[in-house]
K.L.:
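Have a look at this one before I ask anything.
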Protein chains: 2
Amino acid sequence: MRILLIEDDRVIGTAVREQIEADGHSVDWAMRLDTAADALAGAKFDLLLLDLMLPDGRGIPFLKSLRAKGSTTPVIILTALDQISDRIEGLNAGADDYLVKPFDLAELSARIGSVARRYAGNPNPVLSLGDLTIDQAARRVEREGKAVALTAREWVLFEAFLQNPAQLLSKAKLEERLYSYDAEIESNTIEVHISRLRKKLGADVITTERGMGYRLGRS
Amino acid sequence: MRILLIEDDRVIGTAVREQIEADGHSVDWAMRLDTAADALAGAKFDLLLLDLMLPDGRGIPFLKSLRAKGSTTPVIILTALDQISDRIEGLNAGADDYLVKPFDLAELSARIGSVARRYAGNPNPVLSLGDLTIDQAARRVEREGKAVALTAREWVLFEAFLQNPAQLLSKAKLEERLYSYDAEIESNTIEVHISRLRKKLGADVITTERGMGYRLGRS
DNA sequence: ACAAAGCTGACAGCTTGCTGAACGGTGTGA
DNA sequence: TCACACCGTTCAGCAAGCTGTCAGCTTTGT
């Protein structure tokens, strides 16, 4: 397995690298987000280990933008004990697991193993929704047996509904999901994407609740 | 959320139960594997907290047989520091997370929250009111099991009552809530909205107190 | 029984959302 | 390197349904 380690602390980084290599994986080590981005552009990784505090930015927006671009690479977050909110936000942003520093190296091995296993052999859990079949892990949607191609933004949006079934999601919430932070957007981008999703997936997949937001499901 | 705690140590068990209940979840506590199995047979749980050393057996085989039966209920393992190999085996057996004793109770809350989020089943506290079921976080109301569609204004109004149960709310107070301040409205808007709410939710959801205002609940 | 307070059906205006079209940016293949 | 395809955003005109108003009716308290 090829693993990208993004971590600016030399002591931790060295220990992690040695452990992973001892487990028989290969490691690339980036100490900044920009070099990490370069590495990702240049090669395909099976797993990312992502520290949240880096010299040139925070890990969460990085992860969000990665997911927005359509990456499905599993991510394990490495974080300090006092960053609970970050960890939760990290899981929301699309991380698969997290480890709290200081962590035991055997734990790291176990987590890597279980994430890898989750993505490897076992067939993905498939969701049914009306005439739709959804494989979340593979980012694949079929309608009446035929594959539907969703763009990156469309998928991020749709995924938000899948992960919050029956919840009302305001446009603000959805924007927050599409755009890492900031985003005081005065446009109807969300509406347009919703429109396209409905066109591809069927009109009644997403319900409008006027003045409040959107919800997965009919009526 | 309904949680099954499987733990034979009374001190730890009590602390865990209190923490979880403080977080607003309900807890069933089994001190042996056989009573845990009974509990699982009799009710549906959203999460299992599983100690690995119990008087009538070890937790790992228990977890394995649970998974073999097809259960997908999330499981968090509670384990002592010196049982690293067990923890690794636990993740392999299908656990979702683990905590090392002695653990911080805030850490427990965070892990429960994130596991729950990952499974995103029905994490919201649900309120019952006569034949109504209300999920405030999801902005969802059901009457006799069927979803009721509230408009934005109607929801704001209804929410005011939910957040001030048994309180008398004057029309002025309610107007203030609907319209950001100012609002020198010389009409019966509130009455109209109350009327519409009663039509959708049932006549006795909101009581009129003549000359004073409205109150949640019958008579 | 009377007056005051509250209720509710109808309706028009207006906010909100929908969607086709066009534009600009980015990446891709020849 | 250039042309092309694709994606995301913006805009404008249109459609839909929410919301406030009002009038006439019902209820309540005295």
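This is a predicted model, so every value here is computed, not measured.
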K.L.:
Whether B:T208 contacts C:dC7 is assessed here as follows: a side-chain N or O lying under 4.0 Å from the phosphate OP1 or OP2. Is that the case?
P.N.:
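Indeed, a polar side-chain atom of B:T208 lies that close.
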
K.L.:
Output yes when at least one side-chain N/O atom of B:S195 is less than 4.0 Å from OP1 or OP2 of C:dC7, else no.
P.N.:
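For C:dC7, neither OP1 nor OP2 has a side-chain N or O of B:S195 closer than 4.0 Å.
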
K.L.:
What's touching nucleotides 13-18 of chain D from the protein side, N or O pairs under 3.5 Å?
P.N.:
unit_1 : atom_1 : unit_2 : atom_2 : d
D:dA16 : N3     : A:R210 : NH2    : 3.2

K.L.:
Which whole-number value in Å describes the distance from A:E191 CD to C:dT16 C1'?
P.N.:
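Spelled out: CD on A:E191 to C1' on C:dT16 is 8 Å.
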
K.L.:
Does A:K199 put a side-chain nitrogen or oxygen below 4.0 Å from OP1 or OP2 of C:dC18?
P.N.:
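For A:K199, the contact criterion (side-chain N or O under 4.0 Å from OP1 or OP2 of C:dC18) is not met.
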
K.L.:
Figure out the CG/P separation between B:L197 and C:dG6, and round it to whole Å.
P.N.:
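In whole Å, C:dG6 P lies 17 Å from B:L197 CG.
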
K.L.:
Supply the atom-to-atom distance A:L54 CG to A:D8 CG, rounded to the nearest 0.5 angstrom.
P.N.:
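Nearest 0.5 Å value for the CG-CG distance: 5.0 Å.
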
K.L.:
Tell me the interatomic distance from B:I194, atom CD1, to C:dG9, atom P, rounded to whole angstroms.
P.N.:
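Atom-to-atom, B:I194 to C:dG9, this comes out as 15 Å.
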
K.L.:
How many whole angstroms separate atom CD of B:E175 from atom C1' of D:dT21?
P.N.:
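Distance, rounded to whole Å: 14 Å.
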
K.L.:
Taking the minimum atom-to-atom distance to the side chain of B:R198, which one of C:dC18, D:dT10, C:dC7 wins?
P.N.:
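Nearest nucleotide to the side chain: C:dC7.
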
K.L.:
As an exercise, state the distance from CZ of A:R17 to CD1 of A:I12, rounded to the nearest 0.5 Å.
P.N.:
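Going from CZ on A:R17 over to CD1 on A:I12, the span is 14.5 Å.
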
K.L.:
Could I get the full list of side chain to side chain donor-acceptor pair (under 3.5 Å) partners for A:R32, not counting sequence neighbours?
P.N.:
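By the side chain to side chain donor-acceptor pair (under 3.5 Å) rule, A:R32 matches A:D34.
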
K.L.:
Output a table of donor-acceptor pairs, distance under 3.5 Å, between side-chain atoms of residues 143-151 of chain B and any protein atom two or more places apart or on a different chain; print 'none' if there are none.
P.N.:
unit_1 : atom_1 : unit_2 : atom_2 : d
B:R143 : NH1    : B:K200 : O      : 3.3
B:T151 : OG1    : B:E154 : N      : 3.4
B:T151 : OG1    : B:E154 : OE1    : 3.4

K.L.:
C:dG17 C1' sits how many Å from A:R196 CZ, rounded?
P.N.:
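Going from CZ in A:R196 over to C1' in C:dG17 covers 15 Å.
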
K.L.:
Once you round to the nearest 0.5 Å, how far does CG of A:L49 lie from CH2 of A:W29?
P.N.:
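Here the interatomic distance stands at 12.0 Å.
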
K.L.:
Looking at B:T189, does any N or O in its side chain come under 4.0 Å of the phosphate oxygens OP1/OP2 on D:dT21?
P.N.:
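So the side chain of B:T189 is within the cut-off, an N or O lying under 4.0 Å from OP1 or OP2 of D:dT21.
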
K.L.:
Residues in salt bridge (Lys or Arg N to Asp or Glu O under 4.0 Å) with A:E159, at least two apart?
P.N.:
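Partners of A:E159 by the salt bridge (Lys or Arg N to Asp or Glu O under 4.0 Å) criterion come out as none, since no residue qualifies.
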
K.L.:
Ignoring hydrogens and angles, answer whether the base of C:dT19 and the side-chain atoms of A:N188 contain a donor-acceptor pair closer than 3.5 Å.
P.N.:
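Check passes, donor-acceptor contact within cut-off.
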
K.L.:
Does a side chain donor of either A:S109 or A:Q19 reach within less than 3.5 Å of an acceptor in the other side chain?
P.N.:
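Looking only at side-chain atoms, A:Q19 and A:S109 do form a donor-acceptor pair, the distance falling under 3.5 Å.
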
K.L.:
Hey, what do you get for CG (A:L169) to CD1 (A:I190), rounding to the nearest 0.5 Å?
P.N.:
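A:L169 CG to A:I190 CD1: 10.5 Å, rounded to 0.5 Å.
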
K.L.:
From the set C:dG6, C:dG17, C:dG20, return the single nucleotide nearest to any side-chain atom of A:K171.
P.N.:
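Nearest nucleotide to the side chain: C:dG17.
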
K.L.:
Restricting to nitrogen or oxygen on both sides, can you table the protein-nucleotides 27-29 of chain C pairs closer than 3.5 Å?
P.N.:
none

K.L.:
Is any side-chain nitrogen or oxygen of A:Y214 closer than 4.0 Å to OP1 or OP2 of C:dT16?
P.N.:
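Answer is no, no contact under 4.0 Å.
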
K.L.:
In this structure, which one of A:R196, A:K171, A:R198 forms a salt bridge (charged side-chain N to carboxylate O under 4.0 Å, His left out) with A:E191?
P.N.:
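Passing option: A:K171.
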
K.L.:
Give, for atom CD1 of A:I112 and atom CG of A:D46, the distance between the pair rounded to the nearest 0.5 Å.
P.N.:
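With rounding to 0.5 Å, CD1 (A:I112) is 11.5 Å from CG (A:D46).
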
K.L.:
Is the distance from OP1 or OP2 of C:dC7 to the nearest side-chain N or O of B:H193 less than 4.0 Å?
P.N.:
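It does not, given that no N or O in the side chain of B:H193 lies less than 4.0 Å from OP1 or OP2 of C:dC7.
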
K.L.:
Nearest 0.5 Å, what's the CD1-CD1 distance between B:I77 and B:I60?
P.N.:
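Between B:I77 CD1 and B:I60 CD1, I get 4.5 Å after rounding to 0.5 Å.
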
K.L.:
What's the CE-C1' distance between B:M212 and C:dA5, to the nearest Å?
P.N.:
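My rounded result for the distance is 14 Å.
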
K.L.:
Is any side-chain N or O of B:Y179 closer than 4.0 Å to OP1 or OP2 of D:dT19?
P.N.:
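It does not, given that no N or O in the side chain of B:Y179 lies less than 4.0 Å from OP1 or OP2 of D:dT19.
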
K.L.:
Would the distance check show the side chain of B:R215 and the main-chain N or O of B:A166 forming a donor-acceptor pair, the cut-off being under 3.5 Å?
P.N.:
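Looks like yes, one N/O pair under 3.5 Å.
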
K.L.:
Rounding to 10°, can you tell me the angle the first-five-pair axis of the helix from C:dA1-D:dT30 to C:dA30-D:dT1 makes with its last-five-pair axis?
P.N.:
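Axis angle across the helix from C:dA1-D:dT30 to C:dA30-D:dT1, nearest 10°: 40°.
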
K.L.:
Test your reading of the model: is there a side-chain donor-acceptor pair from A:D56 to the backbone of A:L33, 3.5 Å cut-off?
P.N.:
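Looks like yes, one N/O pair under 3.5 Å.
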
K.L.:
Distance check needed: C:dC7 P versus B:D204 CG, whole Å only.
P.N.:
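Going from CG in B:D204 over to P in C:dC7 covers 14 Å.
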
K.L.:
Please report, rounded to the nearest Å, how far the P atom of D:dC7 is from the CG atom of A:L150.
P.N.:
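So the CG-P distance, A:L150 to D:dC7, works out to 11 Å.
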
